[in-house]
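Some notes on the structure that comes next.
On a predicted model such as this, the values are computed, not experimentally measured, just so you know.
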Amino acid sequence: MPELPEVEVLRRSLVPRLPGQRIERVEVYNPKLREPVSAARLDRDCVGRRVLALRRRAKYLLIDLEGDRTLIVHLGMTGRLTLVEAEEVAEPHEHLAFFLDSGQRLRFRDPRRFGMVFSRPTRGLEDGRHFAHLGVEPLGGDFDGQRLKDAAKRRRGPVKTFLMDARVVVGLGNIYVAEALFRAGIHPKRSVARISRRRWELLAGEVRKVLGGAIREGGTTLNDFADGDGQAGYFQVSLWVYGREGESCPRCQTTIRRIVQANRSTFYCPACQH
DNA sequence: CGGGCGGCCTGGAGGC
DNA sequence: TGCCTCCAGGCCGCCC
């Protein structure tokens with residue numbers, strides 16, 4: 001579920017409640033996530049430390065702690081991070097929990113276990129294995145059409161997989177790429193070598209708009225996504241093409257198609273997108 | 001070095 | 001009702 005907007009919505013939901021809290025205990029019920037969870041390392045890095053700040057890089061939530069440590073959470077496909085009372089019964093697929101001095105616990109649940117939870121020194125985090133290769137933040141000041149055009153110079157292939165490549169631009173997944181391409185009127189199979197300067201600018205603008213809109217609407221909840229309070233989002237009603245194969249295009253009534261690119265579904269309007 | 005593909009998991013939906 | 005197949009929001013590592 002979670003692409004950039006969902007992680008950002010989660011971050012914002014936790015900002016009023018998490019900073020200032022001290023982690024008193026970590027419990028790991030099932031360490032088998034995408035990368036094995038080290039309970040010992042989480043203990044060492046987290047217990048006794050206060051949360052200082054919440055940041056986001058790409059689709060990673062970064063929880064900065066005292067003493068140069070950062071707790072990193074990635075939701076994978078079905079991950080959920082919620083703040084509940086400490087004594088609340090464990091959910092199915094609750095794989096670990098951080099018990100806080102407020103009497104609450106920060107619970108991580110993830111049925112498919114594609115998520116990740118780990119800790120690292122805050123300093124130098126961006127040079128680590130998960131972060132070093134990451135490209136530009138699409139909502140940051142240095143993202144624009146020129147940036148995309150420059151990145152495209154060294155590459156070939158369809159624009160859809162280009163936008164999904166985190167080395168180019170981070171945070172975009174299957175949903176928002178489909179939506180941004182639809183709004184920009186660009187065919188997902190169009191080669192990056194054949195996109196004009198003007199259209200790169202248009203695309204960059206639509207990427208920002210669709211992500212910004214999704215954040216404002218609390219993210220997209222298809223099945224699993226919820227923020228730190230367990231609240232679902234409602235941007236799914238604003239999706240024009242994603243998941244709408246066989247329905248009619250909201251702009252021109254042509255039937256929306258689904259194709260497969262790089263083993264992922266792509267939804268688009270064959271009349272509006274060129 | 002870039003691009004394509006398989007694999008990691010579970011659960012829900014739909015067909016028969 | 002039950003069984004089977006397909007599909008799912010991400011990411012990495014391996015291969016060519």
Figure out the CG/P separation between A:N223 and B:dG14, and round it to whole Å. 11 Å

Residue whose closest nucleotide on DNA chain B lies nearer the 5' end, A:P111 versus A:R34: A:R34

Do any side-chain nitrogens or oxygens of A:S265 fall under 4.0 Å of OP1 or OP2 in C:dA8? yes

How is A:Y60 classified with respect to the nucleic acid when contacts are heavy atoms under 4.0 Å: base, sugar-phosphate, or nothing? sugar-phosphate

Side chains of A:L10 and A:E6 in contact at under 4.5 Å (non-hydrogen atoms): no

For A:L222 and C:dG10, what is the distance between atoms CG and P respectively, to the nearest whole Å? 11 Å

Over how many whole Å does the gap from A:R155 atom CZ to B:dG3 atom C1' extend? 8 Å

Is the backbone N or O of A:E24 less than 3.5 Å from a side-chain atom of A:D101, with the two atoms forming a donor-acceptor pair by type? no

Report yes if a side-chain nitrogen or oxygen of A:H93 is closer than 4.0 Å to either non-bridging phosphate oxygen (OP1 or OP2) of B:dC9; otherwise report no. no

Any side-chain N or O of A:R113 below 4.0 angstrom from OP1/OP2 of B:dC8? no

Round to the nearest Å and state the distance from A:K153 atom NZ to B:dC1 atom C1'. 18 Å

Just to verify, what does A:R199 make a side-chain hydrogen bond (donor to acceptor under 3.5 Å, both in side chains) with, not counting sequence neighbours? none

Donor-acceptor pair (no angle test) under 3.5 Å: A:R112 side chain, B:dC9 base: yes

Does OP1 or OP2 of C:dC11 have a side-chain N or O of A:K59 closer than 4.0 Å? yes

In whole angstrom, give the distance that lies between atom CG of A:D224 and atom P of C:dA8. 14 Å

Can any side-chain N or O of A:D227 pair as donor or acceptor with the backbone N or O of A:V9 at less than 3.5 Å? no

Under 4.0 angstrom between A:N174 side-chain N/O and C:dA8 OP1 or OP2: no

Phosphate contact (C:dC12 OP1 or OP2) by A:H133 side-chain N/O below 4.0 Å: yes

Would A:R34 and A:F114 count as a cation-pi pair here, with the cationic atom under 6.0 angstrom from the ring centre and within 45° of the axis? no

Length of the OH-C1' vector between A:Y242 and C:dC7, whole Å: 9 Å

Considering just the side-chain nitrogens and oxygens of A:R129, establish if one lies under 4.0 Å of OP1 or OP2 belonging to C:dC12. no

Would you kindly say whether A:S102 and A:Q21 are connected by a side-chain donor-acceptor distance under 3.5 Å? yes

Expressed in angstrom and rounded to an integer, what is the separation of A:R109 atom CZ from B:dT10 atom P? 14 Å

Strictly below 4.0 Å: does A:R258 bring a side-chain N or O up to OP1 or OP2 of C:dC6? no

Measuring to OP1 and OP2 of C:dC11, would you say a side-chain N or O of A:H74 lies under 4.0 angstrom away? yes

Got a donor-acceptor contact below 3.5 angstrom from the A:E88 side chain to the A:V84 backbone? no

Of A:R154 and A:N263, whose nearest nucleotide on DNA chain B comes first from the 5' end? A:R154

Assess A:R244 against A:Y268: is NZ or CZ under 6.0 Å from the centre of the six-membered ring, and within 45 degrees of the ring's axis? no

Integer-rounded Å distance: B:dG2 P and A:F162 CZ: 11 Å

Near-parallel close stack of A:F114 and B:dC8 base (under 5.5 Å, under 30°): yes

Which string of ( ) [ ] | and . matches DNA chain B, if you list each base 5' to 3' and count Watson-Crick or G-U pairs only when both distances are under 3.5 Å? .|||||||.|||||||

